[in-house]
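Read through the structure below, which is laid out as structure tokens, and then see the notes.
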Amino acid sequence: MVIAHNTEVRLDLISTMIDGKNVSMLRLCVSDENARFKLKQSLEFSNDTHVKAKSLEILVKQLNVTDNDIVQSTFKMLSKSSVWKHRCLAAELLITLGQIHVFAETKEEDVYTILERRLWDDPTVDVRLSSAKALAALGMFSKACEKTEKNLEDPDEDTRSQAVISVGTLGMKNERIIRILLEMLELDSSDYVRLMVVRTFVTLKLIDKRVMRALRERERAEGPLSRESKKAIKALESLVSLGSPVLGRKSYTPSRRAGSSQGQNRLVQSVA
């Protein structure tokens, strides 16, 4: 009788905390099926995005729930949430879930497609970087770099511009990539692609002499590209004035060892 009464009290407490948006307090509750059940209910039926995000976070990080429903809820939040912090959280939760649980019932290609799109299609840089970290943690960073480099030469303008943005997100600034970007700035038929190249130089914090020279040449012209080049020069010169070497994320060159644990650790550091 006492046990039954305690269970009822616990369930009432959990319901009250969820309804009152004090979901974070549930981490103080006993890790049992009742807490899991209530949090899953709020995840499925609540109309409050904050409650849904907090419920998902506690289920994964505090209660170690890793079933396919949780994985799919995480994908849904990453793909569709209008709150950038929740999208960022979803990418982080994929890292917590890990390869075994993420790929248990979801094809690797489907996971890659969701994360790869976040590299260039998300308006918030934190979400883009978190997605890059998730790709690294799930062993797909090398694939993303290789596909991005290939897409830089795609005949479709949109594909090229997306690839240029991804280059910045992934921190790709090896010698080959720099040469390709410089060539695109000079010769690409799309003004938008060239504009994205200029912005990517800033994202990568490239103060390479060739880059600065190319930007000054663009600055002497007129139009949006000239104005963007002027802003880029100012931003990059500020790094020089601080006496900094080439700053920013370490460069990464796709290698055969991308799947190794050592390689993945380097990849996570490259987008940190």
Side-chain angles (χ1 to χ4, degrees), residues 112 115-122 125-126 128-157 159-188 190 192-218 228-229 232-233 235-240 242-272:
Y112 175 81
L115 287 170
E116 189 270 340
R117 185 177 185 88
R118 291 294 99 190
L119 296 178
W120 55 266
D121 193 36
D122 200 284
V125 64
D126 286 350
R128 298 199 297 269
L129 292 178
S130 292
S131 298
K133 290 181 181 180
L135 283 167
L138 297 174
M140 297 184 288
F141 196 100
S142 178
K143 177 180 179 179
C145 289
E146 290 167 358
K147 183 176 179 181
T148 295
E149 183 173 335
K150 181 180 179 181
N151 285 346
L152 290 173
E153 299 177 357
D154 194 275
D156 180 69
E157 172 185 347
T159 301
R160 293 198 308 280
S161 65
Q162 293 160 9
V164 170
I165 297 170
S166 295
V167 163
T169 304
L170 295 168
M172 299 169 62
K173 52 182 180 182
N174 57 61
E175 180 61 27
R176 174 174 168 76
I177 292 296
I178 293 174
R179 287 202 307 267
I180 292 174
L181 292 178
L182 286 168
E183 184 176 310
M184 294 177 76
L185 180 60
E186 179 72 25
L187 301 174
D188 199 279
S190 167
Y192 180 72
V193 170
R194 297 166 76 193
L195 197 69
M196 291 302 101
V197 170
V198 171
R199 291 180 179 176
T200 296
F201 285 148
V202 177
T203 300
L204 293 174
K205 300 180 181 179
L206 285 172
I207 54 176
D208 184 287
K209 291 181 179 179
R210 295 165 298 174
V211 171
M212 299 302 289
R213 182 166 58 248
L215 289 174
R216 289 192 176 94
E217 290 176 359
R218 301 285 84 73
E228 196 67 34
S229 296
I233 291 169
L236 294 173
E237 284 183 339
S238 69
L239 299 178
V240 178
L242 292 174
S244 302
V246 179
L247 299 176
R249 299 181 296 281
K250 296 178 181 178
S251 62
Y252 169 68
T253 303
S255 69
R256 297 187 187 92
R257 300 181 60 193
S260 67
S261 58
Q262 181 180 0
Q264 288 183 20
N265 288 336
R266 290 200 340 266
L267 301 182
V268 173
Q269 292 174 358
S270 73
V271 291

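This one's a predicted model, so the numbers in the text were calculated from it and none came from an experiment.
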Taking side chain to side chain contact (heavy atoms under 4.5 Å, CB included) as the test, write out the residues that go with [X], two or more places apart.
X: R179; answer: E175, R176, R210
X: E228; answer: L195, V198, R199, K231
X: S130; answer: C88, A91, E92
X: K150; answer: none

Least distance between heavy atoms, [X] atom then [Y] atom:
X: L135; Y: L119; answer: CD1-CD1, 3.7 Å
X: S166; Y: W120; answer: OG-CD1, 3.5 Å
X: A132; Y: F141; answer: O-CD1, 3.5 Å

Output the distance between atom [atom1] ([X]) and atom [atom2] ([Y]), rounded to the nearest 0.5 Å.
X: L206; Y: L181; atom1: CG; atom2: CG; value: 8.0 Å
X: S229; Y: L185; atom1: OG; atom2: CG; value: 6.5 Å
X: I180; Y: M172; atom1: CD1; atom2: CE; value: 8.0 Å
X: D208; Y: K173; atom1: CG; atom2: NZ; value: 10.5 Å
X: M184; Y: S190; atom1: CE; atom2: OG; value: 8.5 Å
X: S238; Y: K205; atom1: OG; atom2: NZ; value: 9.0 Å

**OP:** With sequence neighbours left out, write down each residue that passes side chain to side chain donor-acceptor pair (under 3.5 Å) with D154, or none if nothing qualifies.
**Re:**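 With neighbours one apart ignored, the set is empty.
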
Original post:
With E183, which residues qualify under side chain to side chain donor-acceptor pair (under 3.5 Å), at least two apart?
Top reply: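 Side chain to side chain donor-acceptor pair (under 3.5 Å) list for E183, sorted by chain: empty.
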
Original post:
Is the backbone of P155 close enough, under 3.5 Å, to the side chain of R160 for a donor and an acceptor to pair up by distance?
Top reply: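 Such a contact is found between R160 side chain and P155 backbone.
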
Within a strict 4.5 Å, meaning less than it, do heavy atoms of the [X] and [Y] side chains meet?
X: M212; Y: E237; result: yes
X: I177; Y: L152; result: yes
X: D188; Y: R194; result: yes
X: T203; Y: T169; result: no
X: K143; Y: Y112; result: yes
X: T200; Y: L204; result: yes
X: L182; Y: F201; result: yes

**OP:** Could you list the residues that satisfy salt bridge (Lys or Arg N to Asp or Glu O under 4.0 Å) with E186, not counting sequence neighbours?
**Re:**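 By the salt bridge (Lys or Arg N to Asp or Glu O under 4.0 Å) rule, E186 matches R218.
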
Subject >> With R118 via salt bridge (Lys or Arg N to Asp or Glu O under 4.0 Å) - residues at least two apart >> reply: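 Salt bridge (Lys or Arg N to Asp or Glu O under 4.0 Å) check on R118 returns D121, D122.
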
